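What follows is a single structure, written as structure tokens, with notes after it.
On a predicted model such as this, the values are computed, not experimentally measured, just so you know. Just so it is clear, the values below take in all heavy atoms, side chains as well, and ignore hydrogens, waters and symmetry mates.
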Amino acid sequence: MADEIGVLHDGHIQQWDSPYNLYHRPANRFVADFVGQGVFLPAKALNGRQLEIELGVLQGDSQGMENLEVLLRPDDVVHDDAAPTLAEVVHKAFRGAEILYTLRLASGRKVLALVPSHHNHALGEKIGIRLDVDHVVAFRPET
């Protein structure tokens with residue numbers, strides 16, 4: 001990695017920034033999709049500073065729009081046995097110290113979660129999850 005990186009698309013610079021900002025503060029949906037892994041969940045603006053998604057309420061700017069999609073990265077979804085929200089393990093990829101789980105929510109939508117590898121859950125098992133989102137990234141839904 002470099003101190004700054006430029007993300008190009010169709011011959012135009014989409015964002016020129018630090019790797020940290022490209023991942024946590026992407027300028028647009030293309031950059032968000034291109035840099036790192038994540039999924040978009042539908043969000044409803046509750047007011048100017050709160051967004052509601054299937055997994056709870058987040059503090060974030062609704063950008064004056066009523067309906068948005070929030071980007072959830074694997075590090076935003078935390079495995080927590082005590083959490084009331086359960087998700088089904090549908091895929092897992094062992095990565096040494098961590099396992100990248102693909103989890104199906106009650107709605108059928110999927111999210112990703114990075115979990116320490118000593119939590120080796122079976123496919124089909126339901127595990128507790130909660131959100132831990134430091135950087136809310138939201139965009140208009142794709143049409």
Please name the pair of heavy atoms, one in [X] and one in [Y], separated by the smallest distance, quoted to 0.1 Å.
| X | Y | result |
| --- | --- | --- |
| F139 | A27 | CE2-O, 3.9 Å |
| L103 | A113 | CD1-CB, 3.8 Å |
| G96 | S117 | O-OG, 2.8 Å |

>> Apply side chain to side chain contact (heavy atoms under 4.5 Å, CB included) to residues L131 and I53 and explain how you reach the verdict.
In response: CA-CA 11 Å; L131 292 176; I53 63 173; 3.8 Å; yes
> Between E54 and S107, is any side-chain donor less than 3.5 angstrom from a side-chain acceptor?
Replying inline: yes
>> Just by distance, no angles: are the side chains of Y23 and D17 close enough, under 3.5 Å, to form a donor-acceptor pair?
In response: no
Kindly work out whether a path of hydrophobic side-chain contacts (I/L/V/M/F/W/Y, heavy atoms less than 4.5 Å apart) joins [X] to [Y].
| X | Y | value |
| --- | --- | --- |
| V115 | F94 | yes |
| L55 | V78 | no |
| V89 | L86 | no |
| V137 | W16 | no |

Quick check: does any side chain N or O of [X] sit under 3.5 Å from a backbone N or O of [Y], one acting as donor and the other as acceptor?
| X | Y | answer |
| --- | --- | --- |
| Q15 | R25 | yes |
| E69 | P42 | no |
| H12 | D10 | yes |
| Y101 | V111 | no |
| K92 | H121 | yes |

> side chain to side chain contact (heavy atoms under 4.5 Å, CB included) between N120 and I99: does it pass, once the steps are laid out?
Replying inline: CA-CA 8 Å; N120 188 19; I99 297 174; 3.9 Å; yes
> Could you go step by step and tell me if V57 and L51 meet the side chain to side chain contact (heavy atoms under 4.5 Å, CB included) rule?
Replying inline: CA-CA 6 Å; V57 176; L51 299 169; over 6 Å; no
Working to the nearest 0.5 Å, report the span between [atom1] of [X] and [atom2] of [Y].
| X | Y | atom1 | atom2 | result |
| --- | --- | --- | --- | --- |
| H9 | F30 | NE2 | CZ | 5.0 Å |
| E125 | I127 | CD | CD1 | 7.0 Å |
| L71 | F40 | CG | CZ | 4.5 Å |
| R130 | D81 | CZ | CG | 11.0 Å |
| L22 | E4 | CG | CD | 9.5 Å |
| R73 | Q37 | CZ | CD | 9.0 Å |

> More than 12 heavy atoms of other residues, nucleotides or ligands under 6.0 Å from NE2 of H91: is that the case?
Replying inline: no
>> With a sphere of 6.0 Å drawn around CZ of F34, does it hold more than 12 non-hydrogen atoms of other residues, nucleotides or ligands?
In response: no
> Taking side chain as C-beta onward, heavy atoms only, is V133 less than 4.5 Å from L72?
Replying inline: yes
> Looking at side-chain heavy atoms only, is the closest gap between D132 and D76 below 4.5 Å?
Replying inline: no
>> Could you walk me through whether E142 and R29 satisfy the salt bridge (Lys or Arg N to Asp or Glu O under 4.0 Å) test, starting with their C-alpha distance in whole Å, then the side-chain angles of each, then the deciding distance to 0.1 Å, before giving a yes or no?
In response: CA-CA 9 Å; E142 283 190 328; R29 226 185 145 93; 3.4 Å; yes
>> Pair I129, L105 - check side chain to side chain contact (heavy atoms under 4.5 Å, CB included), show working.
In response: CA-CA 10 Å; I129 58 170; L105 304 176; 3.9 Å; yes
> Do the ring planes of H24 and Y20 sit parallel (below 30°), tilted (30 to 60°) or perpendicular (above 60°)?
Replying inline: tilted
> Of the options K110, K126, R109, R104, which is the one that meets E88 in a salt bridge (charged side-chain N to carboxylate O under 4.0 Å, His left out)?
Replying inline: R104
